[in-house]
Amino acid sequence: MNSLQDLHKTASTFQKTDKMPVLFVGHGSPMNALADNPFTQTLHQLGRDIRDRQPPRAVLVVSAHWLTRGTYVAVNERPETIHDFGGFPDELFAMQYPALGAPDVAQEVLAALPDAQPTDEWGLDHGTWTVLHHLFPEADIPVFQLSIDYGRPLTFHAELARQLQFLRRRGVLVVGSGNIVHNLRQSMPHFMQNNPAPHAWAVEFDAWAKQKIDQRDLLALAHYQQAGAAGPLAVPTPDHYIPMLYSLALAEADDDIRHAFEEVSFGGMSMRTFVVG
């Protein structure tokens, strides 16, 4: 108990910083960790731009691959690299992302979210480390994760994210990692045939989402089924979609939104990546 109190006391003394940007990254296949392509090159450039502007004190990631009942905050001092996938080359399983954790900042998040719980039973899943490997390849910035309470309505996540806006002025880079369009069943035949052509419904929904993101229309995005027949096809389950809501909900009135990477490919996969602020 004393250690938690000490952490909270230390975290409360952090000085305010210039406002950090927020990212949403369409992370796609874990194989992107090994790739040198326009998408990964974009991530490298984003990382350089962020460092030049203001090096983050820590990175908080909301990943599509940490789904829980209840909201959890990882407090590990040294989070392990989780290889939460199968059927990929040994080279991918050998990859490590040895960043330190950020238990001090995690305590600030726990103080802001009274219903959240700390845990040291989660590391960095592939929605996190395959992205950070390109953003910050030196792994020299502390990283921690916030879980997705998967039983909650989508509006819950936007409301929860707004409670974390203070982190942007504490030097914390928040990254949502998922995919706006993510239908693996419809994509697998294209992957197997190495056919990058997208389905028309995937392009349609991605364009609809882009418009709503630019309008900051979180309510419409939370009710994506109302986008027509493309909605349920593009988002058959909301796990990869929810992180986008966290990123957008952190936007403030004076923030620009820039789409850093735009691609819909392999049937039903959107790699849309945007920057807030």
Side-chain angles (χ1 to χ4, degrees), residues 23-48 50 59-68 74 76 78-102 120-148 173 175-198 202 236-237 239-244 260-261 263-273:
L23 301 184
F24 172 74
V25 178
H27 65 245
S29 167
M31 288 297 291
N32 279 315
L34 298 172
D36 180 7
N37 57 34
F39 168 67
T40 63
Q41 291 163 16
T42 296
L43 295 185
H44 276 280
Q45 187 59 55
L46 284 174
R48 288 191 290 267
I50 290 167
V59 180
L60 169 60
V61 181
V62 180
S63 166
H65 296 282
W66 192 18
L67 308 176
T68 55
N76 317 47
R78 294 184 177 273
E80 66 174 312
T81 302
I82 304 173
H83 299 87
D84 49 339
F85 43 68
F88 290 100
D90 291 344
E91 184 181 3
L92 189 61
F93 285 94
M95 290 188 72
Q96 296 290 314
Y97 192 79
L100 295 175
D120 60 4
E121 297 182 357
W122 193 256
L124 305 179
D125 62 58
H126 82 264
T128 296
W129 65 263
T130 66
V131 169
L132 295 181
H133 169 72
H134 295 293
L135 282 172
F136 305 116
E138 298 87 355
D140 58 347
I141 300 174
V143 181
F144 70 114
Q145 291 193 217
L146 174 73
S147 78
I148 292 173
L173 175 69
V175 179
S177 178
N179 293 96
I180 289 173
V181 179
H182 186 267
N183 189 325
L184 284 181
R185 179 172 293 183
Q186 296 285 341
S187 295
M188 284 309 297
H190 286 239
F191 282 124
M192 297 296 290
Q193 299 166 14
N194 197 27
N195 174 13
T237 58
D239 47 342
H240 278 69
Y241 186 80
I242 289 171
M244 176 270 294
F261 192 79
E263 179 183 272
V264 185
S265 59
F266 292 100
M269 186 73 65
S270 166
M271 300 296 292
R272 180 170 299 284
T273 294

For residues [X] and [Y], determine if any side-chain heavy atom of one lies less than 4.5 Å from a side-chain heavy atom of the other.
X    : Y    : answer
W66  : I82  : no
T128 : Y97  : no
V59  : I141 : yes
L34  : M95  : yes
L92  : H83  : no
E263 : F39  : no
H190 : S265 : no
N76  : F144 : no

D84 and D125: CA distance, side-chain angles, deciding distance, side-chain contact (heavy atoms from CB on, under 4.5 Å) verdict: CA-CA 6 Å; D84 49 339; D125 62 58; 3.3 Å; yes

task: Begin with the C-alpha distance, continue with both residues' side-chain angles, and end with the deciding distance and a verdict on side-chain contact (heavy atoms from CB on, under 4.5 Å) for L135 and L23.
output: CA-CA 11 Å; L135 282 172; L23 301 184; 3.9 Å; yes

message: Keeping T273 on the side-chain end and G26 on the backbone end, is there a donor-acceptor pair under 3.5 Å?
response: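 Answer holds: yes.
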
query: Looking only at atom types and distance, does a side-chain atom of S177 sit under 3.5 Å from a main-chain N or O of G127, one as donor and one as acceptor?
result: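 Between the backbone of G127 and the side chain of S177 there is a qualifying donor-acceptor contact (under 3.5 Å).
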
Compare every heavy atom of [Y] with every heavy atom of [X], then report the nearest pair and how far apart it is.
X    : Y    : value
A64  : G178 : CB-CA, 4.1 Å
T68  : S147 : OG1-OG, 2.7 Å
V131 : L43  : O-CD1, 4.1 Å
G267 : A202 : O-CB, 3.4 Å
T130 : P30  : CG2-O, 4.0 Å
N183 : Q186 : OD1-N, 3.0 Å

Rounded to the nearest 0.5 Å, what separation is found between the [atom1] atom of [X] and the [atom2] atom of [Y]?
X    : Y    : atom1 : atom2 : value
H65  : I148 : NE2   : CD1   : 9.5 Å
M269 : N179 : CE    : CG    : 5.5 Å
N32  : M271 : CG    : CE    : 4.5 Å
M188 : F266 : CE    : CZ    : 11.0 Å
I50  : Q45  : CD1   : CD    : 10.5 Å
H134 : N37  : NE2   : CG    : 7.5 Å

field: Steps toward side-chain contact (heavy atoms from CB on, under 4.5 Å) verdict (I180, F24)
entry: CA-CA 10 Å; I180 289 173; F24 172 74; 3.8 Å; yes

- prompt: Can you name the ring-ring contact (aromatic ring centres under 6.0 Å, His included) partners of Y241, sequence neighbours left out?
  reply: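 Expected list: Y224.
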
task: Could you tell me if the ring centre of H27 sits under 6.0 Å from that of W129?
output: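 No - the distance between ring centres of H27 and W129 does not fall below the 6.0 Å cut-off.
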
query: Is atom CD of E138 surrounded by more than 12 heavy atoms (other residues, nucleotides or ligands) closer than 6.0 Å?
result: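 Enclosed: over 12 neighbouring heavy atoms sit under 6.0 Å from CD of E138.
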
field: Set of salt bridge (Lys or Arg N to Asp or Glu O under 4.0 Å) partners for D36, sequence neighbours left out
entry: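 Here no residue qualifies.
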
